[in-house]
Number of protein chains: 2
Amino acid sequence: MDNLDRGIIDLLRQNARASYGDIGVEVGLSASAVKRRVDRLVADKVIRGFTVQVDPNVDGMQTEAYVELFCRGTVAPDELRRILQGVPEVVDAGTVTGSADAIVRIRSRDIPSLEAALEKVRIAPNVDHTRSAIILSKLVNRSGD
Amino acid sequence: MDNLDRGIIDLLRQNARASYGDIGVEVGLSASAVKRRVDRLVADKVIRGFTVQVDPNVDGMQTEAYVELFCRGTVAPDELRRILQGVPEVVDAGTVTGSADAIVRIRSRDIPSLEAALEKVRIAPNVDHTRSAIILSKLVNRSGD
DNA sequence: GATGCCGCGGTCGAGATTGTCCATCAGGCC
DNA sequence: GGCCTGATGGACAATCTCGACCGCGGCATC
C-alpha cells in the first residue's frame with residue numbers, strides 16, 4: 001500500500017471501469033503493473049468490490065432518515081447490533097458521543113415503510129425513545145448510494 | 001427502465017467491471033445490446049458513475065461523525081450544497097425535518113482532521129452553530145463503506 | 001393495406017484491452 | 001560477488017469494446 005496504490009484507488013474511485021492502460025498513464029506504470037496491483041488490492045481485501053452508483057429516485061428507495069436512539073440504563077452494544085441487523089431498512093448504525101446512545105440511518109421506499117421500520121427498531125429492549133430527522137433533499141452524496 | 005435494465009444494474013452493482021458479454025449472457029442479450037443500454041443509463045443519469053469500495057480501515061478514514069447544522073434565517077440549499085461539496089471529508093449531507101436544518105456526515109482520518117473539516121463546514125454563511133455526534137463504534141454497515 | 005419512421009436487438013470486424021508468460025532490474029542479505 | 005525476492009516492462013494470444021450496418025415489429029399516416 002504505497003502512493004502508487006493510493007493513486008490507482010483514487011482513479012478507480014472516479015471511474016471503476018477505466019482501463020488498466022489509462023490508469024497506468026496517470027500513475028506512471030504499465031498496464032500489466034497496474035493490473036497486478038489491482039489484483040493484489042482485491043486479493044488483500046483493500047478493494048472490496050466494484051460497484052455502480054444508481055440514481056436513488058430510480059430504484060425507488062428515496063426516503064431516508066436519521067434516527068437517534070435513546071436507551072434506558074445500560075446499553076448492550078451486541079444486542080443492539082443484533083436487533084438493528086434484523087431490520088433490513090437499517091443502512092448504517094453506530095454508537096455515538098452526545099446525549100443519544102446511537103444513530104441509525106434508515107432507508108425505505110416511502111414514509112409508511114419508514115414508519116414500519118422505525119417501529120421495528122423501537123422494539124429493541126431498553127430503547128426509551130427515538131428522535132427522527134427525515135431527509136428532505138440530498139445536498140451531497142459521495143457514499144455511493 | 002425495464003426489467004432488463006434492472007437486471008443489468010443489479011449485475012453491475014455486484015461487479016461494475018464485468019464485461020458486457022458476461023452481463024449479456026446473464027440477462028439474455030448480446031454484448032452490444034448491453035452496452036447500448038448501459039450507455040443510455042449513463043446518459044440518462046440513472047447510473048451516476050462506477051466506483052470502487054475500499055476498506056475504510058486501510059485508507060485510514062475511520063473517524064466518522066454526524067453533524068447537525070443550525071442556520072440563521074433562510075437557508076439557500078444551493079449555496080449550502082456548494083460549500084459542503086467543497087469539503088472532501090463530507091460524505092453525505094441533506095436537509096432534514098426537525099430543529100436542525102441539515103445533517104452532514106463527515107469522515108476523516110482522525111480527530112484533528114475531523115475538527116479541521118468541521119471548521120470548513122462552519123465557515124458556510126448563515127451557519128449559526130453545529131452539533132456533532134462522533135461515532136464510537138459501528139453497529140451496522142450495509143452502505144458499502 | 002402500403003409506406004415510412006422509430007426503437008430495439010443481432011451480427012460483424014477493426015482496434016483496444018486484458019491476462020499471462022518471461023526477461024530484466026534494483027535492493028537486501030550472506 | 002552470488003543469490004534471492006519482489007516488482008516492472010514487453011510481447012503475445014485471447015478476449016472485449018464499440019461503431020456500422022441490417023432486420024424486425026409496432027405505430028402513425030396516407
Side-chain angles (χ1 to χ4, degrees), chain A residues 1-62 109-110 141-145, chain B residues 1-62 88 107-110 113 143-145:
Chain A
M1 193 62 188
D2 54 12
N3 281 333
L4 283 166
D5 286 334
R6 266 183 282 274
I8 291 169
I9 286 176
D10 280 348
L11 291 169
L12 284 175
R13 246 199 270 261
Q14 288 163 44
N15 178 15
R17 282 187 82 88
S19 77
Y20 294 131
D22 290 347
I23 296 170
V25 169
E26 292 288 328
V27 300
L29 285 179
S30 72
S32 27
V34 173
K35 177 185 169 354
R36 264 193 297 269
R37 279 173 178 267
V38 172
D39 286 347
R40 180 172 50 71
L41 289 169
V42 171
D44 292 352
K45 300 280 180 5
V46 174
I47 291 177
R48 289 208 192 152
F50 301 93
T51 189
V52 67
Q53 294 174 309
V54 181
D55 188 334
N57 293 1
V58 172
D59 70 350
M61 294 294 271
Q62 42 190 330
R109 205 174 54 255
D110 47 32
N141 182 2
R142 276 193 273 257
S143 63
D145 50 36
Chain B
M1 194 60 191
D2 54 12
N3 280 334
L4 251 38
D5 286 335
R6 267 182 281 274
I8 290 169
I9 286 175
D10 279 347
L11 291 169
L12 283 176
R13 249 200 268 261
Q14 289 164 45
N15 177 17
R17 282 187 81 87
S19 76
Y20 293 132
D22 290 347
I23 296 170
V25 169
E26 291 289 327
V27 300
L29 286 178
S30 71
S32 311
V34 174
K35 175 181 168 3
R36 266 193 291 267
R37 279 173 178 267
V38 172
D39 286 348
R40 178 172 50 73
L41 290 169
V42 171
D44 292 353
K45 301 281 190 331
V46 173
I47 292 177
R48 290 204 191 151
F50 300 93
T51 189
V52 67
Q53 295 174 311
V54 180
D55 187 334
N57 292 358
V58 171
D59 68 351
M61 299 293 269
Q62 38 194 330
R107 182 157 52 213
S108 62
R109 205 174 55 255
D110 47 32
S113 55
S143 62
D145 52 32

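Predicted model, so just to flag it, every value in this text is computed and none were measured. Protein chains get the first letters and strands the later ones, always in sequence-line order, with residue 1 at the start of each.
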Is B:Arg37 reaching over with its side chain to a backbone N or O of B:Ile8, donor-acceptor style, under 3.5 angstrom? no
Between D:dA7 (C1') and A:Arg40 (CZ): distance, integer Å: 10 Å
Without decimals, in angstroms, what is the distance between B:Asp44 CG and C:dG7 P? 13 Å
Quick one: which of D:dG10, D:dG19, C:dG9 gets closest to the side chain of A:Ser32? D:dG10
Where the side chain of A:Tyr20 is concerned, which of C:dG19, C:dG10, D:dT17 is the nearest nucleotide? C:dG19
Is the phosphate of D:dT17, meaning OP1 or OP2, less than 4.0 Å from a side-chain N or O of A:Arg17? yes
Separation of C:dC8 C1' from B:Asn3 CG (nearest whole Å): 16 Å
Using whole Å, report how far CG of B:Asp39 lies from P of D:dC16. 17 Å
Here the distance between atom C1' of D:dC16 and atom CG of B:Leu29, to the nearest Å, is 17 Å
Looking at A:Arg36, I'd like to know whether one of its side-chain N or O atoms comes within less than 4.0 Å of OP1 or OP2 on D:dG9. no
I'd like to know if A:Arg6 pairs up with A:Asp10 as an ion pair, taking the criterion as any Lys NZ or Arg NE/NH1/NH2 lying under 4.0 Å from an Asp or Glu carboxylate oxygen. no
Checking contacts here: which listed nucleotide (D:dC16, D:dT8, C:dG19) is nearest the side-chain heavy atoms of A:Lys35? C:dG19
Taking 4.0 Å as the cut-off, does a side-chain nitrogen or oxygen of B:Ser30 come that near to OP1 or OP2 on C:dG9? no
Rounded distance (Å) that lies between atom P of C:dC8 and atom CG of B:Leu4: 11 Å
May I ask you to establish whether B:Arg13 and B:Phe50 are in a cation-pi arrangement, using a distance under 6.0 Å from NZ or CZ to the six-membered ring centre and at most 45° from the ring axis? no
Give a yes or no answer on whether the side chain of A:Asn15 reaches the backbone of A:Arg17 with a donor-acceptor pair at less than 3.5 Å. yes
In a check of side chain to side chain contact (heavy atoms under 4.5 Å, CB included) between A:Leu12 and each of A:Leu41, A:Val38, A:Val34, which one passes? A:Val38
Could you check how far CD1 of A:Ile23 sits from C1' of C:dA16, rounded to whole Å? 15 Å
What's the closest nucleotide to the A:Ser19 side chain, out of C:dT17, D:dC18, C:dG10? C:dT17
Could you tell me how far apart B:Arg37 (CZ) and C:dG10 (P) are, to the nearest whole angstrom? 10 Å
